[in-house]
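In what follows, every chain begins at residue 1, and chains take the letters A, B, ... in the order their sequences are listed. Quick caveat, the model's predicted, so the values are computed rather than measured. When reading the values below, keep in mind they use all heavy atoms of this one structure, side chains included, and skip hydrogens, waters and symmetry mates.
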Amino acid sequence: MDLESLLNPKQLEAVYQTEGPVLILAGAGSGKTRVLTYRVAYLIEQGVNPWNIMAITFTNKAAGEMRERIDSVVGAGSESIWISTFHSSCARILRRYIDRLEEYDNNFVIYDTDDTKSVIKDVAKKLNIDTKRIKERTIMNEISSAKNELMDPELYAEYAGSDFVLSKVADCYFEYQNTLRKNNALDFDDLLMKCVELFKADSEVLAGYQDRFRYICVDEYQDTNTAQFQFVSLLAQASRNICVVGDDDQSIYKFRGANIRNILDFEQIYPEAKVIKLEQNYRSTSHILDAANAVIAHNTGRKVKNLWTDRGEGVPIVYKRLDNAWEESRYITEEIEREVSAGAEYKDFAVLYRTNAQSRSLEESMIMDGMPYRIVGGVNFYSRREIKDILAYLKTISNGRDDLACRRIINIPKRGIGQTSITKLQTYADEHGISFYEAASSREGELLLGRSASKLAPFVNIIDVLRSRNGEITLTDLFDDMMDMIKYEQYLEDLNEEDTEDRLDNIEELRNKLVTYEESAGEPTLDGFLEEVALVADIDNVGEDENRVLLMTLHSAKGLEFKHVFMAGMEDGLFPNSMTIISDNREDIEEERRLMYVGITRAMDQLTLTSAVQRMVRGETQRYPVSRFVLEIPDEYLGESDAPKRKRVSFSTDDIMSTNGKTSVFSGAGPSVKDTSISTDIMSTKPQKYRPAAYKTGTDIPKPYIMEAAAAQRKAVTASSGDSLGYIVGDRVRHTKYGEGIVLEIAPGPRDYQVTVDFDGAGRKIMYAGFAKLQKI
DNA sequence: CCTCCCAAGGTTTTT
DNA sequence: CCTTGGGAGG
């Protein structure tokens with residue numbers, strides 16, 4: 001392996017420094033993954049057993065990519081390198097040993113945010129906590145932060161002291177933890193916390209893993225929280241061979257408990273640490289990179305670094321101010337289309353935004369245009385209702401102690417078991433220290449329900465039968481048996497909602513995932529599948545081969561790169577978000593700035609920033625001035641630009657009022673913004689000269705525009721259906737599932753034509769033309 | 001027990 | 001704007 005020709009001197013240094021603590025400060029685009037890959041390869045070349053190497057990432061996607069690259073460089077033996085995310089690593093360890101901690105079984109289930117929320121809800125109710133005064137969200141966040149800081153309920157109660165709200169939260173925390181334990185469930189944060197707890201409680205287990213993981217690598221170290229820090233520290237305690245890679249300027253997960261001090265103080269914690277800075281950027285042109293450097297320079301307390309590139313200047317950055325979100329989306333769509341017709345590919349583009357809500361107008365614009373796109377994030381596949389239902393069945397089959405799952409599906413499809421019955425059963429279960437399912441399947445439970453008792457048997461029967469088959473037959477067969485028995489598809493169809501087809505597709509997709517899992521896993525088990533499913537993020541499923549424009553939040557974009565990046569919604573109040581502008585903690589706005597830095601540095605060749613004069617936020621029209629971050633980019637890197645540059649104009653109230661007369665969120669930002677001199681300057685900038693005519697009219701999104709848009713969309717649908725639907729009312733058609741039938745009606749729907757068909761066998765169905773894929777006979 | 005309708009509240013970011 | 005949850009009626 002000729003490392004010298006593959007890596008630059010700094011990168012080489014990082015590769016050769018195999019022993020002891022190492023901090024690699026890897027600037028954006030500096031070839032971090034490359035270094036990690038070759039470092040692992042080099043370790044093995046030096047005689048280290050692959051079995052003794054561990055690489056930890058945050059997302060499955062990052063882990064997958066690293067796995068792929070290491071496999072391709074290392075060859076034989078690479079499969080025994082432990083490459084995994086924090087969460088799956090902990091889950092894997094706990095699957096083996098959690099029974100050494102009290103009251104947990106190794107077949108625990110993992111609760112996602114939704115599950116957590118409903119437990120919190122129950123708990124708050126039980127403790128008579130007024131969720132109007134103390135929001136469930138607050139409770140969840142508090143508990144999560146506590147866990148990230150490794151505070152158990154006792155410690156938290158101490159910390160809460162006599163504070164009214166906090167002590168209530170502490171009560172919830174106790175009860176919440178009890179519930180989870182009873183359900184044999186762990187939430188995301190528990191995975192880490194319990195694992196650390198296990199390491200601390202059981203020196204034998206810890207020593208075992210310390211002996212195994214003699215060389216540890218941690219990626220994106222700037223985003224680690226205290227629990228993750230402890231996890232890594234404990235493992236590395238014996239060998240001290242810990243190599244962390246990160247960039248303090250890309251720390252963007254404080255809200256999730258990430259502690260930037262972990263990276264900033266690394267040298268204090270490991271005084272013998274070797275620090276290596278990777279400062280050559282291989283990704284972006286110098287216009288883009290220098291803009292990023294100029295923006296991030298406004299932050300304080302950074303590790304000094306000087307990122308440079310020899311890629312040349314490239315084209316200037318474009319900043320464009322549009323009238324509203326629609327115009328903004330259309331501009332972006334048209335720009336992409338224009339470049340595609342000039343030879344670019346759709347996958348060269350990404351549109352990044354601060355909040356998921358912004359994806360809507362972009363999506364609509366792209367649908368209208370017929371542009372292939374893909375949205376990352378938003379509603380997670382696994383949080384869709386039908387998926388959660390099916391998974392709840394699987395969980396109930398796998399782990400009889402998960403009351404939440406069981407309660408969810410005991411009356412889905414409807415079996416006439418209502419809230420009253422469920423409450424009775426749960427109370428009975430709680431009183432007798434048994435699970436909900438045990439209560440439901442017991443003779444006593446049945447008697448409890450009186451007249452409704454007979455409703456239970458069919459459900460219990462299904463679960464019992466499936467449980468007895470679990471392990472005996474393949475998972476796919478088990479799944480199919482289950483679907484047959486619960487008649488879920490029938491249930492969905494009977495609901496007759498307009499997205500039935502979508503939901504059926506999703507279930508098919510879930511089945512595909514199960515099949516894939518069963519084929520790829522060494523020893524496929526139901527538990528294993530459920531675990532894999534619980535720990536996936538949306539970003540994990542982004543395939544590189546798809547030729548589509550990617551739409552995602554700035555957070556999801558970390559670690560990715562695109563030839564041409566659009567950053568939409570560059571408005572002060574949206575990005576930086578108004579919460580952080582109002583915040584009295586200066587660090588909050590710095591975190592937003594880091595997000596800006598991450599966004600800019602995703603771009604290889606071109607960067608386009610856009611903002612809208614007005615946009616709808618939560619049903620209110622807001623008018624935000626251009627983002628201060630845009631103004632932090634020096635003029636020389638901006639080409640054609642709509643940016644109102646630092647023009648001194650007084651700050652008038654007109655500018656901070658929303659059109660409907662309600663004071664916008666932004667107005668609250670006044671006083672605190674003045675904390676920083678830079679900001680004050682920006683705030684006083686009035687986009688006067690660039691103010692479009694519509695500014696004074698006080699209308700929301702102009703009506704004619706919406707109508708125009710709707711018409712265009714209708715036209716688009718008509719065009720595609722008129723030519724390609726290939727059938728009209730009265731035609732006989734064939735459906736893959738329902739067989740043959742007659743088209744009764746074709747009605748325009750919001751996105752697609754709704755076709756009503758009277759099938760010979762299956763009766764009358766309403767479906768979307770796009771999904772049904774009907775064939776004229 | 002289920003379904004429909006209206007009011008309120010929510011959005012920052014996610015493993 | 002859009003989703004969720006609570007309350008009333010069938």
Tell me whether the OP1 or OP2 atom of dT12(B) has a side-chain N or O from Ser578(A) closer than 4.0 Å.
no

Face-to-face contact Phe255(A) to dT13(B) six-ring, under 5.5 Å, under 30°
yes

How long is the line joining CD of Gln419(A) and P of dG7(C), in whole Å?
14 Å

What nucleotide, of dG10(B), dC2(B), dT14(B), holds the atom closest to the side chain of Arg137(A)?
dT14(B)

Any side-chain heavy atom of Glu632(A) within less than 4.5 Å of one from Arg593(A)?
yes

Separation of atom CD in Glu591(A) from atom P in dT14(B), rounded to whole Å
12 Å

What contact category does Asp189(A) fall into here, base, sugar-phosphate, or nothing, at under 4.0 angstrom with non-hydrogen atoms?
nothing

Under 4.0 Å between a side-chain N or O of Lys121(A) and OP1 or OP2 of dG5(C)?
yes

Separation of dT4(C) P from Lys117(A) NZ (nearest whole Å)
8 Å

So does Lys32(A) pair up with Asp219(A), basic N to acidic O under 4.0 Å?
yes

Rounded distance (Å) that lies between atom C1' of dT14(B) and atom CG of Leu595(A):
13 Å

Compare the minimum distances between each of dT12(B), dC1(C), dC2(B) and the side chain of Met616(A), then state the nucleotide with the smallest one.
dC1(C)

By nearest-nucleotide position on DNA chain B, the 5'-leaning member of Gly418(A) and His555(A) is Gly418(A)

Picking from dT14(B), dC1(B), dT3(B), which would you name as closest to the side chain of Lys414(A)?
dT3(B)

Pairwise P distance, dT4(C) and dT13(B) [rounded to whole Å]
15 Å

Distance check: side-chain N/O of Thr113(A) vs OP1/OP2 of dT15(B), anything under 4.0 Å?
no

Measure CG/Asn148(A) against C1'/dT14(B) and give the value in whole Å, please.
12 Å

Could you tell me how the ring of Phe231(A) sits relative to the ring of Phe86(A): parallel (under 30°), tilted (30 to 60°) or perpendicular (over 60°)?
perpendicular

Report the distance from atom CE of Met140(A) to atom C1' of dT15(B), rounded to the nearest whole Å.
13 Å

Could you tell me the separation between the CG atom of Asp187(A) and the P atom of dT14(B), rounded to a whole number of Å?
18 Å

What's the closest nucleotide to the side chain of Tyr253(A) if the choices are dC2(B), dT11(B), dT14(B)?
dT14(B)

Reckon Lys135(A) has a side-chain N or O less than 4.0 Å from the OP1 or OP2 of dG9(B)?
no

Is the phosphate of dT15(B), meaning OP1 or OP2, less than 4.0 Å from a side-chain N or O of Asn225(A)?
no

Report yes if a donor N or O on one partner sits less than 3.5 Å from an acceptor N or O on the other, where the partners are the side chain of Arg354(A) and the base of dT13(B); otherwise report no.
yes

When you check the gap from the basic side-chain N to the acidic O, do Arg95(A) and Asp527(A) get nearer than 4.0 Å?
no

Quick one: is dT13(B) close enough that its OP1 or OP2 comes under 4.0 Å of any side-chain N or O from Asn356(A)?
yes

Looking for any heavy atom pair under 4.0 Å, which part of the strands does Thr85(A) touch: base, sugar-phosphate only, or nothing?
nothing

Arg354(A) with Glu592(A): basic N within carboxylate O range, under 4.0 Å:
yes

Would you indicate what Phe188(A) reaches in the nucleic acid, counting non-hydrogen atoms under 4.0 angstrom: base, sugar-phosphate, or nothing?
base

Would Ser365(A) and Ser329(A) count as a side-chain hydrogen bond (donor to acceptor under 3.5 Å, both in side chains) here? Give the steps.
CA-CA 6 Å; Ser365(A) 167; Ser329(A) 301; 5.4 Å; no

Could you check how far CZ of Arg360(A) sits from C1' of dC2(C), rounded to whole Å?
8 Å

